[in-house]
Amino acid sequence: MTDTSASRSGSPHEVLASTRDLARTVRNAQRGTWFPLLLFGVVTLLAGVVDRLGYGHNALTCRSFVVAGGAGRICTVYNTWSAFYWPVALTLAYVAIAGFYLRRARSRGVGTRIQPYVVAGILLAVVLTVASLWAAHHPPGSETDFLGLHLSPQSWLRTFPNRLESPASAIGLALLVLSRVERSVSLLVVTVGYLLIVLVPIDFGWVIAHPSPWAFLPHLVITGAVLLLAGSCFALTQRPTS
Amino acid sequence: MTGAATHPANGLDDVVHQRVRLGILTVTHEARRVEFGFLRTTLDLTGGNLGQHLSVLENAGLVDIEKGYEGKRARTWVSLTPAGEKALRDEVAHLKRLIHQIEEATPRRSR
């Protein structure tokens, strides 16, 4: 039996460096970033089909308000098919992701740390769905003053929470947890870029105005394409070397 | 207390400090649970050699070894015990202190 002491086979620097290399090898074997990215890319694009098929199946909630100059009504409309699709699709996706990582852990012989990501993903999906349904039934009122700012219902600060409670941001926020779990800086960069596209939002000049039945298309195609593209890049770089 | 008594090298545990065993602890810590075959490949060892090092770690109470089957295939899974986690943490801390001492001493000698 070889019983060479680490001190005899290298300096403390070398010993620490070799433990870091080993840790990196294990992390690379554990990573499967491409799968959730590709899966959510597909889920996002499928949402386009659901949105289009569910066009006309809308729920409408209105709220009246009175301002100095007169009175008005603000209504929110949401697609009931889409409201059903997202929580179900996200939950099923996280179950599939957990299954993928567990199967991979067994076949590769290394444990997985995916549990925090799956739990965070499902929690975010549930919380943000409830928040968006609540917001849909409580349309914003008239212009308000907030911290000295005069905010109209269309202002960025008033619409930002709506974007934050969207399924796309639920996906993005959970991906932040995955980047931490997988200790992946490249995934963190991709996720921050994705969240900027979702939350700013960035539409690259492609807008289809309401009431077109295709008004949802630019947002879903852009965010879905970003996820698919990123997932494909990770799939190429995370291929097993042996 | 003398300087030698407080030298970080004195805190190194021979069971943990051995190159292969430190590798086993590092891989197992990072993976949480690791299969015998993955350890053998990653550390570039023969099955017999790895088995002997695992026995030393198991007898020291630093790893748990779990044997079972997946279908017809025999599988051996290794995980760290709390004592193993602590031993690895202490080893890395000692190594860092050693590096710090070496780096502190080097410029003084060169002056």
Side-chain angles (χ1 to χ4, degrees), chain A residues 1-33 98-119 177-185 187 238-242, chain B residues 8-9 12-46 48-56 68 70-71 73 75-80 88 91-103:
Chain A
M1 173 176 157
T2 314
D3 204 34
T4 316
S5 174
S7 56
R8 270 182 268 153
S9 61
S11 68
H13 267 299
E14 287 166 339
V15 175
L16 267 186
S18 76
T19 61
R20 285 196 195 107
D21 285 345
L22 283 173
R24 206 170 300 126
T25 305
V26 174
R27 274 178 220 157
N28 286 339
Q30 286 176 316
R31 282 176 186 153
T33 326
F100 165 80
Y101 271 91
L102 289 175
R103 199 161 157 248
R104 201 172 137 98
R106 270 201 297 273
S107 70
R108 291 201 170 180
V110 279
T112 175
R113 296 171 186 260
I114 201 63
Q115 192 186 358
Y117 169 60
V118 171
V119 171
V177 178
L178 183 63
S179 70
R180 174 79 187 103
V181 165
E182 296 202 334
R183 296 183 210 183
S184 169
V185 177
L187 178 59
Q238 291 178 345
R239 274 182 308 183
T241 46
S242 55
Chain B
L12 294 171
D13 179 347
D14 281 344
V15 173
V16 179
H17 191 59
Q18 199 280 337
R19 182 180 62 84
V20 173
R21 290 196 285 269
L22 183 57
I24 294 171
L25 293 177
T26 304
V27 171
T28 310
H29 165 76
E30 200 60 40
R32 289 196 169 175
R33 194 165 174 264
V34 65
E35 209 266 323
F36 189 90
F38 184 85
L39 272 175
R40 194 185 56 208
T41 314
T42 307
L43 298 171
D44 197 19
L45 297 170
T46 64
N49 197 355
L50 175 60
Q52 284 173 323
H53 284 293
L54 282 175
S55 296
V56 173
E70 258 178 45
R73 197 172 160 202
R75 302 272 260 175
T76 301
W77 288 89
V78 181
S79 54
L80 284 192
L88 180 64
E91 171 75 11
V92 171
H94 283 304
L95 286 171
K96 284 180 177 168
R97 279 177 55 205
L98 261 175
I99 290 170
H100 181 69
Q101 285 211 351
I102 292 166
E103 283 171 351

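Order of the sequence lines sets the chain letters (A, B, ...), proteins ahead of strands, with each chain counted from 1.
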Subject >> Shortest non-hydrogen contact from B:F38 toward A:G109 >> reply: CB-O, 3.7 Å
**OP:** Grab the two heavy atoms, one from B:H29 and one from A:R113, that are nearest each other, plus how far apart they are.
**Re:** O-NH2, 3.0 Å
Euclidean distance, [Y] [atom2] relative to [X] [atom1], rounded to 0.5 Å:
{"X": "B:R33", "Y": "A:T112", "atom1": "CZ", "atom2": "OG1", "answer": "12.0 Å"}
{"X": "B:E35", "Y": "A:R106", "atom1": "CD", "atom2": "CZ", "answer": "12.5 Å"}
{"X": "B:L95", "Y": "A:E14", "atom1": "CG", "atom2": "CD", "answer": "12.0 Å"}
{"X": "A:S11", "Y": "B:I99", "atom1": "OG", "atom2": "CD1", "answer": "7.0 Å"}

Original post:
Does atom CZ of A:R183 have more than 12 heavy-atom neighbours, drawn from other residues, nucleotides or ligands, at distances under 6.0 Å?
Top reply: yes
Subject >> B:K96 side chain reached by A:L16 side chain, heavy atoms, under 4.5 Å >> reply: yes
Subject >> Any residue meeting side-chain hydrogen bond (donor to acceptor under 3.5 Å, both in side chains) with A:Q30, in chain and number order, not counting sequence neighbours >> reply: none
Subject >> Criterion side chain to side chain contact (heavy atoms under 4.5 Å, CB included) against A:L22, the qualifying member of B:I24, B:L22, B:L43 >> reply: B:L43
Subject >> Set of side-chain contact (heavy atoms from CB on, under 4.5 Å) partners for B:T76, sequence neighbours left out >> reply: B:F36, B:I65, B:K67
Subject >> Selection from B:L25, B:V27, B:L45 maximising heavy-atom pairs under 4.5 Å formed with chain A >> reply: B:V27
Subject >> Top contributor to chain A interface from B:V16, B:T26, B:T46 [non-hydrogen pairs under 4.5 Å] >> reply: B:T26
Subject >> Heavy-atom contact with chain B under 4.5 Å, split by part of A:A29 >> reply: side chain
Subject >> Side chain, backbone, both or neither of A:R24 within contact of chain B (heavy atoms, under 4.5 Å) >> reply: neither
